[in-house]
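Read the structure below first, then the notes.
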Amino acid sequence: MVSKESCRNEIRAAIRQLSDRCLYSAAKWAGEQLVGIEQDSSNFTPSNTRFQRGSSSIRRRFSTNESISTPQPSVGFSQPPATPLPQEDEVIDGDLYLLAKSYFDCREYRRASHVLRDQMSKKSVFLRCYALYLAGEKRKEEEMVELEGPLGKSDAINRELVSLERELSALKRTGAIDSFGLYLYGVVLKEKGNASLARASLVESVNSYPWNWSAWSELQSLCTSIEILNSLNLNNHWMKEFFLGSAYQELRMHSESLAKYEYLQDIFSFSNYIQAQTAKAQYSLREFDQVEIMFEDLLRNDPYRVEDMDLYSNVLYAKEACAALSYLAHKVFLTDKYRPESCCIVGNYYSLKGQHEKAVMYFRRALKLNKKYLSAWTLMGHEYVEMKNTSAAIDAYRRAVDVNPCDYRAWYGLGQAYEMMGMPFYALHYFRKSIFFLPNDSRLWIAMAKCYQSEQLHMLEEAIKCYKRAVNCGDTEGIALNQLAKLHQKLGRNEEAAFYFEKDLERMDAEGLEGPNMFEALVFLATHLKTNKKFDEAEVYCTRLLDYSGPEKEKAKSLLRGIRMAQTGFPSMDMEHFPL
Amino acid sequence: MAGLTRTAGAFAVTPHKISVCILLQLYAPSAQMSLPFPFSSISQHNRLGLYLLSLTKSCDDIFEPKLENLINQLREVGEDMDAWLTDHLTNRFSSLTSPDDLLNFFNDMRGILGSLDSVAAQDDQIILDPNSNLGMFVRRCILAFNLLSFEGVCHLFTSIEVYCREAHSSSAQYDASNDNLGSLIQHDQMDMEKYIMDKATEEIELQKNASGRVPFHLHTPEALFKVTEEQMKHACLLVTRKEKSSTNTKKAEATQLACASSSTVNDTLVDESLFLRTNYQIQGFLMEQADAIETHGSSLSSSSIESFLQKLQNLAPELHRVHFLRYLNKLHSDDYFAALENLLRYFDYSAGTEGFDLVLPSTGCSMYGRYEIALLCLGMMHFRFGHPNLALEVLTEAVRVSQQHSNDTCLAYTLAAMSNLLSEMGIASTTSVLGSSYSPVTSTASLLSVQQRVYILLKESLRRADTLKLRRLVASNHLAMAKFELMHVQRPLLSFGPKASVRHKTCPVSVCKEIRLGAHLLSDFSAESSTMTIDGSLSSVWLKDLQKPWGQPVFSQESGSRKSSTFFQFCDHLVSIPGSVSQIIGASYLLRATSWELYGSAPMARMNTLVYATLFGDSSSSSDAELAYLKLIQHLALYKGYKDAFAALKIAEEKFLTVSKSKILLLKLQLLHEHALHRGNLKLAQRMCNELGGLASTTMGVDMELKVEASLREARTLLAAKQYSQAANVAHSLFCTCHKFNLQIEKASVLLLLAEIHKKSGNAVLGLPYALASISFCQSFNLDLLKASATLTLAELWLGLGSNHAKRALDLLHGAFPMILGHGGLELRARAYIFEANCYLSDPSFSVSTDSDTVLDSLRQASDELQALEYHELAAEAFYLMAMVYDKLGRLEEREEAATLFKKHITALENPQDEEPNMA
C-alpha cells in the first residue's frame, strides 16, 4: 500500500505544478485531498488538528468495521506509483511567464497568451494555449447572448478551437507536448465532438501525470458506458481509484463506487470530497438518515461549502425537515447566492413551504446559471406538477431527460404527468423507460401497476404482474401485497387472494402496523377459510378481529356464529368441541 | 413552447440584403436625371428593376443565395454590362473595411429614397418611391440596421467578410459553367418579366394578409395523408388489369423531383449556419420538407434529411417542429424506435401546440396542451408499423382525451383513423380487443359487429368534420365511406322487426355518390387558395420560378395536347392547391378504378387509373403511385399477356425502390406465379407462393390481404398439381379465415375456387352448391365479372354431370357471354370459348359436319388467346378439339397441323423449364 507520506509528497508537488499552470480547480481538488490525509501523530501541527478536530463521531460510527474488512486488494495500492513526479523543465520561470501568469490571474486571457507568443518551453506553450482556449470560451459565452435568435441559442462556437487543434496536434506529432498539453488537446477534441480521440489523448495525459483531476473528470464525462470505461488502458495509480469511484457513480453502479471510496478512506480518511461522494452514493441508495448525518458532519468541518449541498437539501426535503432546510438555505445564500446549487436549495425550501411559484422562480434562476443542471429541471417539473401545470411540467421533465437520458426521476415524472391528464396508456411508455433505468425500485413498479389498474385501461393481469415485481423488489410501503390480494379477489381467484392477504398480514404483524388493510385481510381470510371449511383457522382470524372495535367486530361475531352453526352440522366435531 | 412566444417575423439585415441595397443604389442613384450611367437603354434599366423586385420578394425565403449565385444571376440579367455590375458589387463590398463604413453606407441609402411628398419630383427623374415595394425594402433595411446593437453591427460585419470570402474562393468555377447556363436563360427573359408582373400584384395582397395572421402551417394534412394513404393501400382487392402507358415520361419526372428536393437539402447544409431565418419562414420550410418526405417515401435519402435536421436543431433548439420532421423521416424509413422517441419528444416539448393549426391561439394554449393529438399520431404510427391492438388502445385513449378536452376536431380525426384501422387491420369479430374501456361514442356499439362499428365511427367522424368545416377530412371520410359501401352489404343497424330490409346488396349508386362528394374538395380549395399558402414556400418558389427554364413545358410533348385542361393550369401553380388536396382527389380516382375493377368493368378501371397516373403522379405519395402502376401492369398481364406485363414491370421496378413488402415486389411474385401456373412449371409456382407467404407478418390480423392472397395461390398451385383434397383443405381454412375477419369479397372468390376444385376432381355434384353460393355472394356485392366467371364454372359443372345437361350449360354460358367477352381477361374468354365448343360437341343433337364453323371459330379464338398467355394446358385442349373436329370433317391437312400444335403444347407442359431466369 502506498504510504501516506508518499501520497502527501506527491500531492504537494502536484499542487505547486498545477497552480503554476493556472489549473486552479485541479489544484483546489488536490489541496482538499492533501488535508484529507490522516496526519501522522508525529508531526501534528496545531493548524492541522484544528481542521480535523470536528471529524467525527459519525465517521467512526460508520467505519468501525472498515479496518476489519479491508477491501479487495487493488493493484493500484500494492505497487509504488508508476509515475515519478516530472521535473520542471525550467526551474526558474521566465520573466515573461511570470507576467503572463499574473495577467491570467486577472482573467486577461488574450493578453496572457500574447505575452507568451514567442516562448517555446512546454510550460509556456501550454499556458498560452490554455489562455487562448479560455479567451475563446469567454467570447463564446458572450456571443451566445448577443446572437441569441428567436428560436433559442445561436451557433456560437469557440473560434480558437480550430487553430488550437492544429497547433496541438502538430506538437503531438513532434512529441513536443507534455501531459498538460495532452489534457488541453483532449478538451479541445472533446469540444469538437471527436470523443474517441479525445479519450485517447486524455488517457495519455493521466497516464503520464495522474494528479490532474480536471483531466480525470473530462475523461469521466466521456465514459458514457461501462464498456467504454473498461476499455480504457489506464496505469495503476491511486488517482485511478478516485476516477473509478466517480465514474461508477455516474454509471449508477453505486455499490461498486461505494467500495472504491471506502477503500480510499484508508488514506484520505478526512477528505471532504470522499465523504460527499459517499453521501451521494448513499443518497442514490435512498439511505436518507445516513446521508443526513454525513452532510451535517461535512458542514461542521467545512461550513462554507456549497458544492453538493443541493443533495443535502433534497434529503432534508424528503425528510420534511423544514427548519434545517431553512437554515441551510439562508447560510448557503449568504455564502454565494449566484451558484446554481444555492438557487436550487432555495427552490427546495420554498417548495417545502408550499410556495411553488417562488420555487419555480429559483429553479429557473439555477437553470439560467447552468442550463444543463439536471436536478433543477426535474425539481422544476415536480413543482409544476404541484401547480397542476402539466404541460409545463412535461416540458421541464423532457428537458431533464434530454440532458441525461438515464434520469429515471424525470421519466417517472413524465409518466406521472401524463397519468394525471388521464392518458394512462401514453404514460405507460414513460414508466417503462424509468423502470428500465432503475429496475429494482418498487415505487416505479407500483406506479406502473396503478396505471394498468386505472379505470380507463383496466388491464388487471398486467397490473398483477407489476405488483409481483414490486413485491420482489422489496416493497417498503406495503402497497403491493395488499393490491395483489385485492386484485386476485376481484378476479375471483380466492386462493391467490388468500395467499397474498396472509403475506400482507405477516408483513403488518412484523412491522407492528394496524389499520383498515389489516381488517380487510382478516375479514377476507376468515370468510375464505370458513367457506373452505377450515373452521379452526377461520376462528383464529375471527378472534383476532374481536380485539378491535367497529363494524369489523360485528362482522367477526357473525362469522363466528356462522362457524359454530356450521360446526354443529358435523356431529363428530361437535363432540370434540363440546367440552370446551 | 418558448419558441412560440418570441417575436416571429423579425427582419434582419444580412449580407445578401446589403448586396440588394447596393444594386438598388445602382438602379436608382440619388440625384440622377434620366438614365443612370451604365445603362444603355431603358429596357435594360427596367430589366434590372424587375430582377431587383423579385429579389426583394424572395428575401423572406429561408435560404439566401450566396454572393456567387447572385453574381451568376446578375450575368443573366445584365447582358452586356454584367461585368460592370459585378465589379461594382464586389468593389463596393471590399470598400466596406470597418463597421463604420456600414454606418455610412446605410446613411447613403437613405439618400436614394425620394421624399414622401412626391409632388416635388420632376419628370424623368429617377426616384425610389418610399411606398413602393423597393422603397419599402430599403426602408426596412435601414430600420433594421438602425435597431442593431453595437455587437450586432460587429457580427454583421464579420458575416459580410465570410460572404465575400466564399465568393472569392469559388469565383474560378463559374466562368466555366457560365456558357451553358446562358443559353438556357436567353428565352426565359420574356416570360419572366410578364410573370413577375402577375406575381407581384398577387404577392402584395399576400403580404397584406401576412401582416395580419396567415394560418400558414397546415399540419392537418399530414395526419390526414396517412389516413387516406392507408385507405388506398388496401382499397384494391382483386387481381386486375394493366396498361403500359406513359411510364417512361413519368419516371423521368419523378427522378427530377427527387433530385430537386435533395439538392435543396444539400444546399441547406452549406449555408444554413450563416442565415437563420425567422420562425415563420422556418416553419414554412419545414412544411415543405415534410411534404417531400411524404411524397417520395423511402426513395428520399433519410440520412441526408437527418443530418440537415441535426444542424437545424443545433441552431434552433427551441424549434420543436424539427422533432416532428425527424419522426416523419424515421417513420418513412421504418425505424420504429427512433420514430417513437421523436414523436414523444415533440409532444413533450410543444404540448401539441406548435405547428398544428387545429389550435386556435385564443382557445389553444390551455393548461392541458393538446396531447390528444399526440395520441392520434401515436395511434397512427402503431397502425403503420403493424400493431393494430396497440393502435386501437391508443386511439381509444385519444377519443377519451379529446372528449375530455372537448377538442372536436381531433375527435373527428381520431374517429376517422379508428374506423380506418378497424376496417383495414383484420380485427377478428370474435376477439374482444376493445375491452370494457371502449369509448363512450362506441360503447353503444360494443354489441355490434366490426363493420357496424366502422360504419358508426365513419358517420360520427363525417358529421363532426362537416360541422367543423374540415374539408379534407370530409373528403377523405367520403372516400372511406365509399370504400365501405363498396365492400359491405348495407344492413340496418337494428335488424329486428318487420321493417328489417330483406334485400342484402351493396349499393353502387351510393359508392358513386360518396366518391363524387369526396372530389368536391377541389372546387372548395381553388376558391380559397390564398389563405392556404405557405409563407416560406411561396417565397422560395419565387426564385425557383426565376431559374426554371420557361419555354419547356412541364410535361413532355405527347401529353402537351392535354395541357389545356383546367387541371393542368392548377398543376402549374401548385402553390394554390396544397399537395394534400390533390392527393385526396387522386385517391378518389384510384378508388374509382378499384370499384370498377370490383364491379367488373375493365375499361373504366383502366381509364381511371390512367387519369390518376397522368394527373396526380407527381403530387401523390409514392405508395399511391405504386398502386396505380400495379393496377396498370395487372391489366396488361390479364389482357395482353405476360410479355408486355414483364416489360412494364421492369420499368416500374426502376422507378420504385423494391424494398421488402413493396407493392411492386408483390406484383412481381404474383405475375411470376401466374405465369408459372399457366406454363405448368409447378415447382416455380410453389416457390413463388411460399415467397409470397413469407412476406406477410406473422402477427394475427396484420397483412390480411397478403395472407389471403398467399393461401389462395397455394390452393391454386395444389389444384394444378392435382392434389385435390389438400387444395380443398387449404381453401376451406382460407374460407374460415375470411369469415372470421369479415372479408366478404374474398369469400366469393374462395367459394368459386372450391367449386373449381370439385369440378376438377370430377365431383360435379359437390361443386354445384359452392358455385351457387359464390354466385349469390357476387350478386349481393355486385361483382359482375366474378359472377360471370362463377356462372361459367357452374355451367362446366352441369356439363360434368353428363351430356344430357349440355343444353342447360350452354344457356347459362350464353347468359354470361356478354360480360365475359366484354370485360373478361384472356384466360376467362378462352375458357368460355373452349367450353362453348365442348358443349356443342357433347350435345347429341349437334352435328359437326353441318355446323362446324360455330365450333371452329370458338376454338380458333381460344387458341389465339391462350398462345398469348402461354397457357399450355388449355391450349392443348383447344387444339385437341380442333383436331378432332377436322378429323370428323375429313380435313386431314388441317388436322395434322392442329395435332402438331397440340403435341407442341403437351411437350411444353410436360417439360417446364425456367425460361425466365432473369425475372425469377
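Below, read A as the first sequence line, B as the second, and so on, with proteins coming before strands; counting in each chain starts at 1.
The pair B:Arg400-B:Glu397 meets the salt-bridge criterion, since a charged nitrogen lies less than 4.0 angstrom from a carboxylate oxygen. Salt-bridge annotation for A:Glu160 and A:Arg110: present, with a side-chain N of the basic residue lying under 4.0 Å from a carboxylate O of the acidic one. A salt bridge does not link A:Glu496 with A:Arg493: every distance from a Lys NZ or Arg NE/NH1/NH2 to an Asp or Glu carboxylate oxygen is 4.0 Å or more. Classification of B:Glu341 and A:Arg398 as a salt-bridged pair holds, one side-chain N sitting under 4.0 Å from a carboxylate O.
The most heavy-atom pairs under 4.5 Å with chain A, out of B:Leu390, B:Leu344, B:Leu340, B:Leu375, come from B:Leu344.
Contacts of A:Tyr430 with chain B are made by side-chain atoms alone, with heavy-atom separations under 4.5 Å and no backbone atom involved. Contacts between B:Val401 and chain A at a heavy-atom distance below 4.5 Å involve the side chain alone, from C-beta outward.
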